[in-house]
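Encoded as structure tokens, the structure appears first; notes follow it.
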Amino acid sequence: MRVIVVGASGTIGQKISEALEPNHEVLRAGRHGVDVSVDIMSPDSIADMYKMTGRVDAVINASGGANFKAVSDLTPELNEKGIESKLKGQINLVLLGQEYLNDGGSFTLTTGVMMDDPIPLGASAAMANGGVKAFVKSAAIEVPRGIRINCVSPNIVQESWDRIGGLFAGFTPVPADRVARAYVKSVEGAQTGQNYEVY
Ligand SMILES: NC(=O)c1ccc[n+]([C@@H]2O[C@H](COP(=O)([O-])OP(=O)(O)OC[C@H]3O[C@@H](n4cnc5c(N)ncnc54)[C@H](OP(=O)(O)O)[C@@H]3O)[C@@H](O)[C@H]2O)c1
């Protein structure tokens with residue numbers, strides 16, 4: 001299959017790309033993407049990416065951010081990053097990409113454990129994750145041409161522990177290559193509307 005991986009240079013995206021490469025043609029995307037550049041916060045940039053790639057069999061997103069702030073410090077402006085990036089960025093990849101997906105193709109988006117197991121400072125990211133999960137579940141019943149759509153909810157990964165583990169007291173991190181297998185399941189399997197929890 002021909003698979004776009006947005007965020008392919010990232011901690012999780014690298015492992016997804018490595019897991020897919022033996023069996024698929026992987027198009028590595030990101031703001032500084034190796035094969036194609038895209039900024040998911042810009043609908044024009046997403047549209048340009050799809051014009052460049054043409055038709056594909058799968059689109060994976062392993063990018064998207066939000067501000068980590070206490071709710072008491074979270075302003076509407078600071079909350080916008082989660083809305084524009086993790087929420088709208090991912091959903092726009094689907095809205096603008098559906099016509100480029102071959103019949104029976106798949107979208108796989110990324111949520112995260114903090115929507116189910118809250119951490120301090122995590123409300124904005126959890127909001128975006130929950131929105132993506134709800135969109136995936138709902139969109140799955142009506143996307144045409146046998147197209148499937150799932151998301152993966154990673155726990156904090158071992159490779160990110162030194163950087164952000166302090167926010168996840170008491171969590172048991174999981175290896176990123178284990179998280180990557182859930183994306184492979186989404187691409188190669190037959191399920192739709194799922195949120196694969198890798199906790
Ligand atoms: N790491 C964890 O423990 C963990 C746990 C749960 C959920 N998640 C979620 O998993 C996703 C990936 O996390 P990660 O830790 O692998 O991230 P990461 O290491 O920071 O990598 C982010 C990747 O996304 C790309 N990117 C960043 N902003 C982008 C944009 N606006 N448009 C397109 N590409 C962009 C980056 O490449 P460029 O700089 O070239 O754009 C990079 O390839 C995120 O949504 C994160 O919230 C991560």
Side-chain angles (χ1 to χ4, degrees), residues 3-20 26-50 52-53 59-69 80-94 96-97 107-119 121-133 135-136 150-169 171-183 186 195-199:
V3 185
I4 299 174
V5 178
V6 180
S9 67
T11 308
I12 293 173
Q14 279 181 45
K15 297 292 184 186
I16 297 169
S17 302
E18 286 169 20
L20 291 170
V26 174
L27 303 174
R28 293 171 179 252
R31 290 167 303 181
H32 314 95
V34 171
D35 299 310
V36 59
S37 59
V38 63
D39 180 348
I40 65 165
M41 292 176 75
S42 160
D44 287 347
S45 174
I46 294 173
D48 287 346
M49 175 187 77
Y50 284 125
M52 177 99 76
T53 62
V59 177
I60 291 173
N61 179 60
S63 75
N67 280 311
F68 283 75
K69 286 281 176 192
E80 280 298 316
K81 182 177 176 189
I83 296 169
E84 290 295 325
S85 177
K86 214 169 199 312
L87 181 59
K88 278 173 61 183
Q90 297 206 83
I91 290 170
N92 287 341
L93 280 171
V94 176
L96 296 169
F107 290 101
T108 310
L109 307 182
T110 299
T111 57
V113 67
M114 65 183 71
M115 69 176 164
D116 295 324
D117 201 356
I119 60 167
L121 317 187
S124 188
M127 166 203 70
N129 287 336
V132 169
K133 179 181 173 182
F135 174 80
V136 162
N150 297 300
C151 46
V152 175
S153 183
N155 198 343
I156 170 80
V157 300
Q158 283 170 356
E159 290 83 346
S160 300
W161 187 256
D162 286 348
R163 186 171 58 87
I164 52 171
L167 294 170
F168 291 84
F171 283 63
T172 304
V174 299
D177 58 1
R178 195 181 135 212
V179 171
R181 287 202 282 275
Y183 294 85
S186 178
N195 175 62
Y196 296 117
E197 297 173 359
V198 190
Y199 299 165

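What you see below is based on every heavy atom in this structure, not just the backbone, and it leaves out hydrogens, waters and symmetry mates. Order of listing sets the numbers, starting from 1, for every ligand and every atom in it.
- There is a side-chain donor-acceptor pair under 3.5 Å between Asn195 and Thr111.
- Annotation: ligand 1 has protein neighbours Val6, Gly7, Ala8, Ser9, Gly10, Thr11, Ile12, Gly30, Arg31, His32, Val38, Asp39, Ile40, Ala62, Ser63, Gly64, Lys86, Thr110, Thr111, Pro154, Asn155, Ile156, Val157, Ser160, Arg163, each with a heavy atom less than 4.0 angstrom from the ligand.
- In this structure the side chain of Ile16 never reaches within 4.5 angstrom of the side chain of Val3, judged on heavy atoms.
- To the nearest 0.5 Å, atoms NE2 (His32) and OG (Ser37) are separated by 9.0 Å.
- Side-chain contact between Val38 and Val36 is absent, with no heavy-atom pair separated by less than 4.5 Å.
- Remark: the Asp117 side chain and the Tyr199 side chain contain no N/O donor-acceptor pair separated by less than 3.5 Å.
- Heavy atoms only, all atoms of each residue included: Leu109 and Tyr183 are closest at O-CE2, 4.2 Å.
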